[in-house]
Amino acid sequence: MHQVNDAYLNTELFMQPISESQPIVPFIQGDGIGVDIMPVTIKVIDAAVDKAFNGEKQIQWQQVLAGESALSQGLDALPIETLETLKKASVVLKGPLATMMGDTSVNAAIRQALNLDLCRRNIHDFSGRASLLGRSSFPLRVVMRHNEEAMDLSFADQLGLGLQHEQAINDGLWVSHHYWSKIHTENLMKSALEYALLSDMPCLTLVHRAHLLPHTEGLFLQWAQDWLANNCDCRIDNQAWWLSKDQGSELKIQFLSVEAFLQQCLNQPNLSQLVVTYCRYGDAVSDVLAAQVGGIGVVPTAHLSASQAVFEPSHGTAPKHAGQDKANPTSLILAGEMLLRHLGWNQAADLVHLGVANAIEQRMLTMDLAKQVEGINPISCSEFGNAVIEFIRNH
Ligand code: NAP
């Protein structure tokens with residue numbers, strides 16, 4: 001059976017342990033499959049907290065409206081009351097929200113309003129599943145990115161540059177702008193290095209495309225290396241930079257183009273690593289790694305500032321599966337695990353982790369995973385949740 005012994009699990013950046021026994025935690029149900037996965041996830045988290053703390057601790061869930069649930073009540077997609085509640089919360093659980101073509105993303109608006117600069121995704125292989133590449137399991141990979149850089153011009157807009165993310169030159173010609181800043185690069189490197197050392201990762205990989213855009217993506221690489229050179233005593237050889245850790249081992253720091261990194265994912269799948277990149281490549285890189293362990297249905301996401309954290313699944317609203325009790329709730333359940341660790345409720349978080357691992361090992365698989373393993377009939381979203389809860393109650 002799985003053991004919860006990975007250092008990364010107990011390494012939450014900007015963790016906010018709480019003394020309250022009944023904290024209020026706002027949640028946004030989410031559009032599409034949010035209606036399926038959110039109730040199941042809340043039941044799993046409640047069962048884990050109840051079991052871990054014998055009823056002495058409890059989350060008081062507070063539903064707030066956003067997306068379709070707000071629009072259907074004649075409100076804005078991100079009502080002001082919701083935003084006010086989110087701004088006061090230290091942690092939030094969020095389902096996926098749809099972005100219609102041309103509309104401002106409610107997801108991005110929440111991240112900007114709460115200054116959630118940092119995004120982290122844990123790509124963990126629950127080894128019961130036969131992997132896509134015929135391997136038994138992959139090591140942990142974690143992807144960390146800055147949320148705004150490169151694709152989003154709100155920061156540049158604040159400087160009054162009058163730039164738009166996408167701008168028409170004429171009917172047949174559009175340009176898109178992206179930007180990169182030294183301060184965001186340095187903050188990202190600082191958080192990444194702190195996380196890599198605390199969680200005892202063997203390797204930190206910075207993924208870039210410096211050769212293509214030397215004055216933006218190239219400077220990302222340069223500023224990152226300058227920051228490391230000024231703040232750490234690294235040994236440099238032909239292959240990589242190396243930083244001594246307290247334990248006597250070394251952290252390998254490598255700088256790879258996105259093409260080289262994607263090849264390495266296939267050629268050296270045994271490498272456990274923290275991958276640091278920017279918004280532009282963050283989703284693509286984490287989705288490729290997710291595909292190796294079953295898909296986006298099993299990868300949780302944390303969006304972090306120094307004082308707040310929003311936890312959500314890595315996938316979107318999967319509208320064609322909405323309301324059918326078929327979607328995989330694992331990504332949101334594991335986001336709930338991250339939330340519990342952020343609060344310092346690790347006993348409950350461990351139970352959630354073990355419950356998911358056990359269900360997957362027992363081949364209790366929702367459709368997305370079942371179709372990757374021969375001879376398995378899929379179970380429903382709620383059946384998966386019940387299997388996790390049963391494990392938690394009997395553990
Ligand atoms: P998606 O919702 O992630 O779905 C893509 C496909 O992935 C689905 O059709 C389904 O594949 C599979 N899938 C995703 N989640 C699953 C789950 N929990 N269980 C089982 N299968 C799952 O991506 P999309 O279709 O590109 O985006 C739909 C909407 O979501 C868009 O409006 C987008 O803007 C939004 N979105 C929101 C967020 C967020 O809230 N943070 C993130 C990404 C996208 P099969 O069809 O093969 O079954």
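Note that these values count all heavy atoms, side chains included, but never hydrogens, waters or copies made by symmetry. All residue numbers refer to positions in the sequence shown, counting from 1. Atoms within a ligand are numbered from 1 in the order they appear, just like the ligands themselves.
Classification of Asp350 and Arg341 as a salt-bridged pair holds, one side-chain N sitting under 4.0 Å from a carboxylate O.
In summary, the atoms of ligand 1 found under 4.0 Å from a heavy atom of Glu312, numbered by their order in the structure, are 41 (N). Short contacts between ligand 1 and Ala98, defined as distances under 4.0 Å to a heavy atom of the residue, involve ligand atoms 32 (O). Near Thr317, meaning under 4.0 Å from one of its heavy atoms, ligand 1 places the atoms 2 (O), 28 (C), 29 (C), 30 (O). Near Met367, the atoms of ligand 1 lying under 4.0 angstrom from a non-hydrogen atom of the residue are 20 (C). For ligand 1, the atoms closer than 4.0 angstrom to any heavy atom of Asp368 are 20 (C), 21 (N). Counting atoms of ligand 1 from 1 in the listed order, those under 4.0 Å from a heavy atom of Ile33 are 17 (C), 18 (N). In the vicinity of Pro96, heavy-atom distances shorter than 4.0 Å reach the ligand 1 atoms 40 (O).
Closer than 4.0 Å to atom 2 (O) of ligand 1 lies at least one heavy atom of the protein. Distance remark: protein heavy atom not present below 4.0 angstrom from atom 12 (C) of ligand 1. Distance check for atom 6 (C) of ligand 1: every protein heavy atom is found at 4.0 Å or beyond. Per-atom contact check: atom 25 (O) of ligand 1 does not touch the protein, criterion being a heavy-atom distance below 4.0 Å.
In terms of hydrophobic clustering, with Ile, Leu, Val, Met, Phe, Trp and Tyr side chains grouped at heavy-atom distances under 4.5 Å, Trp242 and Leu221 are assigned to different clusters.
Scanning the protein heavy atoms around atom 32 (O) of ligand 1, the nearest turns out to be Thr99 N, 3.0 Å. Protein heavy atom closest to atom 8 (C) of ligand 1, with residue, atom name and distance, is Ala318 CB, 3.9 Å. Protein heavy atom closest to atom 14 (C) of ligand 1, with residue, atom name and distance, is His315 CB, 3.7 Å. Looking only at protein heavy atoms, the nearest one to atom 47 (O) of ligand 1 is Lys371 NZ, 3.3 Å. Residue, atom and distance of the protein heavy atom nearest to atom 19 (N) of ligand 1 are Asn328 N, 2.9 Å.
Around CG of Asp246, the count of heavy atoms belonging to other residues, nucleotides or ligands within 6.0 Å does not exceed 12. Residue-environment remark: CD (Glu374) stays at or below the threshold of 12 foreign heavy atoms within 6.0 Å. The 12-atom threshold is exceeded at CG of Asn170, counting heavy atoms of other residues, nucleotides or ligands nearer than 6.0 Å.
Of the heavy atoms in Ile296, only side-chain atoms (C-beta onward) come closer than 4.0 Å to ligand 1.
Using a 3.5 Å distance cut-off with no hydrogens or angles, the side chains of Asn115 and Ser305 do not pair a donor with an acceptor. For the residue pair Lys190 and Asn231, no side-chain donor N or O sits within less than 3.5 Å of a side-chain acceptor on the partner.
The closest approach between a heavy atom of His303 and any atom of ligand 1 is not below 4.0 Å. In this structure, His321 counts as a contact residue of ligand 1, since one of its heavy atoms falls inside 4.0 Å of the ligand.
Residue Ala327 has no N or O atom closer than 3.5 Å to an N or O atom of ligand 1. Any N or O atom pair closer than 3.5 Å counts here, and Asn107 shares at least one such pair with ligand 1.
A distance of 4.0 Å separates CZ in Arg120 from CE in Met338, rounded to the nearest 0.5 Å.
Among Gly316, Pro329, Pro319, the residue whose heavy atom lies nearest to atom 38 (C) of ligand 1 is Gly316. Considering Lys320, Lys326, Arg111 only, the shortest heavy-atom separation from atom 46 (O) of ligand 1 involves Lys320. In this comparison of Leu97, Ile37, Thr330, the heavy atom closest to atom 37 (C) of ligand 1 sits on Leu97.
Residues forming a side chain to side chain contact (heavy atoms under 4.5 Å, CB included) with Ile296 (at least two apart in sequence, or on another chain): Asp287, Ala290, His315. By the side chain to side chain donor-acceptor pair (under 3.5 Å) test, Asp283 pairs with Arg121, Arg145, sequence neighbours left out.
The aromatic ring centroids of Phe126 and His353 lie less than 6.0 Å from each other.
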Determine whether Gln222 and Asp226 satisfy the following criterion, side chain to side chain donor-acceptor pair (under 3.5 Å), listing intermediate values before the conclusion.
CA-CA 6 Å; Gln222 184 64 53; Asp226 287 351; 2.9 Å; yes
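Below 30°, between 30° and 60°, or above 60°: for Trp180 and Tyr278 the angle between ring planes is between 30° and 60°, a tilted geometry.
Put simply, the side chain of Met201 reaches to within 4.5 Å of the side chain of Ser272, judged on heavy atoms.
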